[in-house]
**Student:** 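Take a look at this one; I'll ask things after.
Letters A, B, ... are given to chains in the order of the sequence lines, protein chains preceding strands, and every chain is numbered from 1. What you see is a predicted model; the values in this text were computed from it and never measured.
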2 protein chains.
Amino acid sequence: MTRKPVIEDVALGLFASEGFEGASLGRIADAVGIRKPSIYAHFRSKEDLFLSVFRRTLRRKKRQIFQFAQDGAGLPFEEMLFGLTERLMDDYESDAETRFLLRMCYFPPTSLHDKVMGMVNPFFRQAERELTRMLGQPENAGRLHPGGAQEAAIAYVTVVDGVLAEAIYGSRRTAARRLSAVWPVYCRGVLAKH
Amino acid sequence: MTRKPVIEDVALGLFASEGFEGASLGRIADAVGIRKPSIYAHFRSKEDLFLSVFRRTLRRKKRQIFQFAQDGAGLPFEEMLFGLTERLMDDYESDAETRFLLRMCYFPPTSLHDKVMGMVNPFFRQAERELTRMLGQPENAGRLHPGGAQEAAIAYVTVVDGVLAEAIYGSRRTAARRLSAVWPVYCRGVLAKH
DNA sequence: TTTAACCTAACGACCGTTAGTTTGTTTTTG
DNA sequence: CAAAAACAAACTAACGGTCGTTAGGTTAAA
């Protein structure tokens, strides 16, 4: 019975709350209930542990978001996008994976900056592209302001990041306040006047 | 001729790029051109150095933003707010103080979390309150959507954080792309249809 | 009998910090 | 006005602790 996944879970939590440099292998090992050098039975280095955790977490988050979009495919786009923002906001409070991912996208370990961004940026680009494509579908494009699908897509990810920012340095409560203020503004801004 | 301000400047730069835990007193001293213990002639501890830098930086940034708002008091509010967003975005690239402040508002040193947030949160609250007040002035309130001044103010800070987020994990270029997409959406969302 | 997962012991490097000293400039005093 | 005292800002040396990491041994399952 290997503790590799336990190490990853504990490391995830500590990386999320203390950062890469702030979370030491000693504290990780303590929390797992093993000795520090035992970590090296599973990972070549601290950086290797981090990258392993990061890859796993990014993969899962991709799937979750894709799944959420698929489940809401029948809904009007603004309902589905609102739900997604709400979900991400709630996840930041309840889910260490989301906190980890967000923190490390903003401020990755200096030595791993390029490697991390090389994984994250394609994901962001793809997400924005697929969102643009979805908003460009006939049933949505007709309801959009002439500004177009791409403008609405970029504005959306900006709004999401703005709400998540408040979830980071504020709280779920204040982030929810932001969401309920910005969402009507966003909708009026992207929907065509009828 | 004391090197205290030099120490603060160098620490600011390293804290901004490597984080509090990632920036060591040894490296700071090296960059200043003094020995590590000499720092203790000016600061009681690393935390003390950090707090000193943080206070100074927050004070300056407050003044800058207040000044910017005052200078643009004659303009239509959406022009002044666009300019402010642009300014903050540019500052993130060119000004280490802005990078430091933003990073430490998101993820302050764990042990100083409450102290830092105790300084930052009042500032954010005041900024939002004054923005709401400004948008509520007769010459602006009449041009606003019935949603109201407070909604427009909260939506604005959300947009700013969204643009700055892209400045952090992307670049000035991609952040500018966001700004030019989100701004028309924001304006349509907060202005009354004529 | 090999292999995987842990262990203990210990490494050198660096961490933040303290003690005590030197040096050069102010400030006070005879 | 010159000597003395005080002070500020640097220094060297070194502290105990923690960092990530390696070597090598034990144990139990395959």
**Student:** Look at all strands and tell whether B/Lys36 reaches a base, only sugar-phosphate, or nothing, counting heavy atoms closer than 4.0 Å.
**Tutor:** base
**Student:** Give me the atom names and distance for the closest heavy-atom approach of B/Val32 to B/Arg3.
**Tutor:** O-NH1, 3.6 Å
**Student:** Establish, for the pair A/Lys46 and A/Phe20, whether the NZ or CZ atom is under 6.0 angstrom from the six-membered ring centre and no further than 45 degrees off its axis.
**Tutor:** yes
**Student:** In whole angstrom, give the distance that lies between atom CZ of A/Arg27 and atom C1' of D/dT18.
**Tutor:** 12 Å
**Student:** Of the candidate nucleotides D/dT21, D/dA9, C/dC6, which contains the atom at the shortest distance from the side chain of A/Arg3?
**Tutor:** C/dC6
**Student:** I need the NE2-C1' distance between B/His42 and D/dC11, as an integer number of Å.
**Tutor:** 12 Å
**Student:** Whole angstroms only, please: what is the CG-P distance between B/Leu14 and C/dC14?
**Tutor:** 16 Å
**Student:** Within the pair B/Arg35 and D/dA10, is there a side-chain N or O less than 4.0 Å away from OP1 or OP2?
**Tutor:** no
**Student:** For B/Thr174 and B/Glu166, which I'm curious about, is there any donor-acceptor pair between the side chains at under 3.5 Å?
**Tutor:** yes
**Student:** Is B/Ser24 touching bases, backbone alone, or none of the nucleic acid, heavy atoms closer than 4.0 Å?
**Tutor:** sugar-phosphate
**Student:** With DNA chain D as reference, determine whether B/Pro37 or A/Arg44 sits nearer its 5' end, using the nearest nucleotide of each.
**Tutor:** B/Pro37
**Student:** Can a side chain N or O of B/Ser38 be found less than 4.0 Å away from OP1 or OP2 on D/dC11?
**Tutor:** yes
**Student:** Within this structure, what is the CG-to-C1' distance between A/Asp30 and D/dT18, rounded to whole angstrom?
**Tutor:** 12 Å
**Student:** What integer distance in Å separates A/Tyr40:OH from D/dT22:C1'?
**Tutor:** 9 Å
**Student:** Of all the nucleotides listed (D/dA9, D/dG20, C/dC6), which has the minimum atom distance to the side chain of A/Thr2?
**Tutor:** C/dC6
**Student:** From the list D/dG20, C/dC7, C/dT18, which nucleotide is the closest neighbour of the side chain of A/Ile34?
**Tutor:** C/dC7
**Student:** For the pair made of CD in A/Glu47 and C1' in D/dC19, what is the distance, rounded to whole Å?
**Tutor:** 14 Å
**Student:** Provide, to the nearest angstrom, the distance between the CD1 atom belonging to A/Ile7 and the C1' atom belonging to C/dA4.
**Tutor:** 13 Å
**Student:** Given C/dT17, C/dT8, D/dG20, identify the nucleotide with an atom nearest to the side chain of B/Lys46.
**Tutor:** C/dT17
**Student:** Using 4.0 Å as the upper bound for N to carboxylate O, is an ion pair formed by A/Asp91 and A/Arg99?
**Tutor:** no
**Student:** Can B/Phe100 and B/Phe50 be said to form a ring pair (Phe, Tyr, Trp, His ring centres under 6.0 Å), step by step?
**Tutor:** CA-CA 11 Å; B/Phe100 167 80; B/Phe50 174 86; 5.8 Å; yes
**Student:** C/dC14 P sits how many Å from B/Glu21 CD, rounded?
**Tutor:** 19 Å
